[in-house]
J.: 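Sharing a structure below in structure tokens format, with a few things to ask.
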Amino acid sequence: MFRTKRSGLVRRLWRSRAPVEGDGDADTGTRGGGNAGCCLGKPGASKPNPGTEAELKALTYSILKKIKEKQLEVLLQAVESRGGARSPCLLLPGKADARLGQQSLPLPLLLYKVFRWPDLRHSSELKRLSCCESYGKINPELVCCNPHHMSRLCELESPPPPYSRYPTDFLKPPDSPGSVPASTETGGTAYSAPMGFSDSLALQERGEQPHWCVVAYWEEKTRVGRLYSVQEPSLDIFYDLPQGTGFCLGQLASDNKSQLVQMVRAKIGYGIQLSREPDGVWVYNRSCYPIFIKSATLDNPDSRTLLVHKVFPGFSIKAFDFEKAGSLQRPNDHEFSQQPRTGFTVQISFVKGWGQCYTRQFISSCPCWLEVIFNNR
């Protein structure tokens with residue numbers, strides 16, 4: 001039977017659809033267990049019955065066959081690389097609807113469900129990535145339907161579970177006896193936030209382009225490589241990313257022989273995307289495993305403890321709010337008067353969490369983690 005190129009692309013796309021729970025091919029690293037994470041409204045996707053699956057396949061085929069071949073190639077590139085390869089926007093009519101059973105779905109939502117999140121229910125659960133042409137546009141006639149130009153919103157738990165509590169007592173000034181030391185590149189001992197920021201201040205003193213943050217990569221208590229100064233609005237931080245540009249952790253020379261560190265390092269994969277946007281700084285988890293984040297602006301200003309938040313693959317979280325951080329600097333606040341950059345630092349651990357629920361009480365015990373220090377000048 002004669003088969004066209006278009007029908008071949010459609011078949012490849014259907015084979016590359018997002019697996020649902022129970023398929024056997026589903027990546028367990030992308031699933032959350034229990035209520036341990038901060039991403040709520042994420043029920044486990046149940047395997048559809050054969051009738052529903054057949055109807056979804058027929059609907060998807062009919063829609064894809066109406067899309068131009070070049071657009072199908074764009075979609076296939078994004079889907080098969082799982083967002084690892086740079087793919088342009090897939091601009092399609094945003095107001096077109098598709099009917100699945102008794103449910104009417106906008107065309108973009110259907111494609112997001114098929115190729116990324118089978119449990120997706122509403123567009124309000126999504127956040128468009130800043131790299132997308134449709135970012136910030138309201139009701140355009142053509143909207144980007146590239147599934148990998150979108151992320152799921154991470155909703156914070158309220159009230160937070162007690163196991164994720166992280167005591168602010170640990171955030172002590174550098175001369176406190178309880179502070180945790182970290183090895184420097186010269187073999188001496190320093191303390192994470194002040195040591196990290198000193199390098200970034202040197203960049204400013206040399207008259208280099210102003211940066212909005214600097215990033216330090218750590219393996220347990222040892223900082224690996226120098227600080228990465230960020231001037232561009234967004235930054236990819238990864239270990240192995242096709243066509244990747246940004247902060248490549250795989251290129252850093254590390255002497256750590258720990259099997260756990262090496263295992264976690266290999267799981268960083270596509271890593272995260274850090275982007276400064278009008279409402280704050282967002283972190284998008286591009287990897288296949290959860291990341292864990294602690295930030296002063298994610299919690300109640302009156303709280304005596306900071307929380308460690310779990311962010312699942314494919315989800316985004318607003319990790320830092322400059323306006324909120326400024327309001328945290330109260331004149332009578334001992335913590336900020338002694339160490340004013342505490343509120344301008346975000347810590348991110350790959351794969352492994354820390355806190356009272358884990359064997360690791362402090363992030364300095366995590367195999368691979370980042371310290372993001374924001375410029376508050």
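These numbers come from the heavy atoms of this one structure, side chains and all, not from hydrogens, waters or symmetry mates. Quick caveat: nothing in here was measured; it's all calculated off a predicted structure.
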J.: What distance do I291 atom CD1 and K352 atom NZ have between them, rounded to the nearest 0.5 Å?
T.: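 It comes to 15.5 Å.
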J.: Using a strict threshold of under 4.0 Å (side-chain N to carboxylate O), is an ion pair present between D119 and R152?
T.: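 Between D119 and R152 there is a salt bridge, with a charged N closer than 4.0 Å to a carboxylate O.
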J.: Has R17 got its NZ or CZ under 6.0 Å from the middle of the six-membered ring of W14, at an angle within 45 degrees of the ring axis?
T.: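 Yes, R17 sits over the ring of W14.
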J.: Testing the basics here: between Y284 and M150, what is the closest heavy-atom pair and its distance to 0.1 Å?
T.: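 In terms of heavy atoms, the two residues are closest at OH-O, 3.8 Å.
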J.: Rounded to the nearest 0.5 Å, what's the gap from CG on L64 to CG on L59? Could you check?
T.: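 Going from the CG atom of L64 to the CG atom of L59 covers 9.0 Å.
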J.: Could you grab the distance from atom CD1 of I348 to atom CD of E371, nearest 0.5 Å is fine?
T.: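 Between I348 CD1 and E371 CD, I get 10.5 Å after rounding to 0.5 Å.
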J.: Would you name the heavy atoms of Y228 and L235 that are closest together and state the gap between them?
T.: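 For Y228 and L235, the tightest heavy-atom pair comes out as CE2-CD1, 3.6 Å.
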J.: Using modelled atom types only, decide if a donor and an acceptor are shared between the side chain of S365 and the backbone of R360 within a distance under 3.5 Å.
T.: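 No; judged by distance alone, with no hydrogens or angles, the pair does not exist.
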J.: Partners of F322 by ring pair (Phe, Tyr, Trp, His ring centres under 6.0 Å), sequence neighbours excluded?
T.: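 F322 satisfies ring pair (Phe, Tyr, Trp, His ring centres under 6.0 Å) with F320, F374 once adjacent residues are dropped.
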J.: If the threshold is 4.0 Å, N to carboxylate O, is there a salt bridge linking E277 and R128?
T.: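 No salt bridge links E277 with R128.
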J.: For the residue pair E73 and Q77, establish whether any side-chain heavy-atom pair is separated by less than 4.5 Å.
T.: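 Answer no - side chains too far apart.
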J.: If we count only N and O atoms by modelled type, under 3.5 Å, do the side chains of S87 and N146 hold a donor and an acceptor together?
T.: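 Yes, N146 and S87 have a side-chain donor paired with an acceptor closer than 3.5 Å.
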J.: Do V351 and P367 have side chains that approach each other closer than 4.5 Å (heavy atoms only, starting at C-beta)?
T.: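 No, too far: nothing below the 4.5 Å cut-off.
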J.: Set out, in order, the CA-CA distance, both residues' side-chain angles and the distance that settles side chain to side chain contact (heavy atoms under 4.5 Å, CB included) for V79 and L75, then state yes or no.
T.: CA-CA 6 Å; V79 170; L75 180 58; 3.9 Å; yes
J.: Which residues end up grouped with L142 if you chain together Ile, Leu, Val, Met, Phe, Trp and Tyr wherever their side-chain heavy atoms are less than 4.5 Å apart?
T.: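 Taking Ile, Leu, Val, Met, Phe, Trp and Tyr as members, L142 shares its hydrophobic cluster with L91.
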J.: What pairs with E69 under side-chain contact (heavy atoms from CB on, under 4.5 Å), at least two apart in sequence or on another chain?
T.: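 E69 satisfies side-chain contact (heavy atoms from CB on, under 4.5 Å) with K5, R6 only.
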J.: Where do N256 and R265 come nearest, in terms of heavy atoms and distance?
T.: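 For N256 and R265, the tightest heavy-atom pair comes out as O-NH2, 3.8 Å.
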J.: Around atom CG of D279, are there more than 12 heavy atoms of other residues, nucleotides or ligands at under 6.0 Å?
T.: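 Yes, the 6.0 Å shell around CG holds more than 12 heavy atoms from other groups.
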J.: Measure the CZ-OH distance between F350 and Y239 for me, rounded to the nearest 0.5 Å.
T.: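 It is 12.5 Å, given to the nearest 0.5 Å.
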J.: For side chain to side chain donor-acceptor pair (under 3.5 Å), just list the numbers for Q347 and S349, CA-CA rounded to whole Å, side-chain angles, deciding distance to a tenth of an Å, and then say yes or no.
T.: CA-CA 7 Å; Q347 294 173 330; S349 174; over 6 Å; no
J.: Strictly distance-based, threshold 3.5 Å: is any side-chain N or O of R286 a donor or acceptor partner for the main-chain N or O of G83?
T.: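 Here the side-chain-to-backbone pair exists.
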J.: Can you find a side-chain donor-acceptor pair between T222 and E220 that sits under 3.5 Å?
T.: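 No, because no side-chain N or O of T222 sits under 3.5 Å from a partner of the opposite role on E220.
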J.: Are F247 and V230 close enough that some pair of their side-chain heavy atoms sits under 4.5 Å apart?
T.: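 A side-chain contact under 4.5 Å is absent here.
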J.: Run the side chain to side chain contact (heavy atoms under 4.5 Å, CB included) check on C368 and L249 step by step: do they pass?
T.: CA-CA 10 Å; C368 304; L249 305 180; over 6 Å; no
J.: Quick one: does K113's side chain have a donor or acceptor within less than 3.5 Å of a partner on L120's backbone?
T.: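 At least one qualifying donor-acceptor pair exists.
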J.: Looking only at heavy atoms, which two atoms of L129 and S316 are closest? And how far apart?
T.: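 For L129 and S316, the tightest heavy-atom pair comes out as CD2-OG, 4.2 Å.
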J.: Between R82 and Y270, which heavy-atom pair has the shortest distance, and what is it?
T.: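 Shortest heavy-atom separation between R82 and Y270 comes out as O-CE1, 3.6 Å.
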J.: When you measure from the side chain of S151 to the backbone of K127, do you find a donor-acceptor pair of N or O atoms at a distance under 3.5 Å?
T.: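 It does hold such a pair.
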J.: Should E219 and S254 be marked as a side chain to side chain contact (heavy atoms under 4.5 Å, CB included) after you check the CA-CA gap, both sets of side-chain angles, and the distance that decides it?
T.: CA-CA 9 Å; E219 291 178 353; S254 171; 2.5 Å; yes
J.: Find the distance between CD (Q273) and CD1 (I237) and round it off to the nearest 0.5 Å.
T.: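 Separation between the atoms: 10.0 Å.
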J.: Please determine whether a side-chain nitrogen of the Lys or Arg among R12 and E80 lies less than 4.0 Å from a carboxylate oxygen of the Asp or Glu.
T.: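 Looking at R12 and E80, the cut-off is met.
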J.: Do side-chain atoms of N375 reach the backbone of H211 as a donor and acceptor pair under 3.5 angstrom?
T.: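 Here the side-chain-to-backbone pair exists.
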J.: Measure from the side-chain N and O atoms of S134 to the backbone N and O of C144, and report whether any donor-acceptor pair falls under 3.5 Å.
T.: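 Yes; judged by distance alone, with no hydrogens or angles, the pair exists.
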J.: Whether the side chain of S295 engages the backbone of A319 through a donor-acceptor N/O pair (distance < 3.5 Å, no angle test) should be reported.
T.: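 Such a contact is found between S295 side chain and A319 backbone.
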J.: Give me the atom names and distance for the closest heavy-atom approach of F312 to P290.
T.: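 Scanning both residues completely, I find the closest heavy atoms to be CD2-CG, 4.2 Å.
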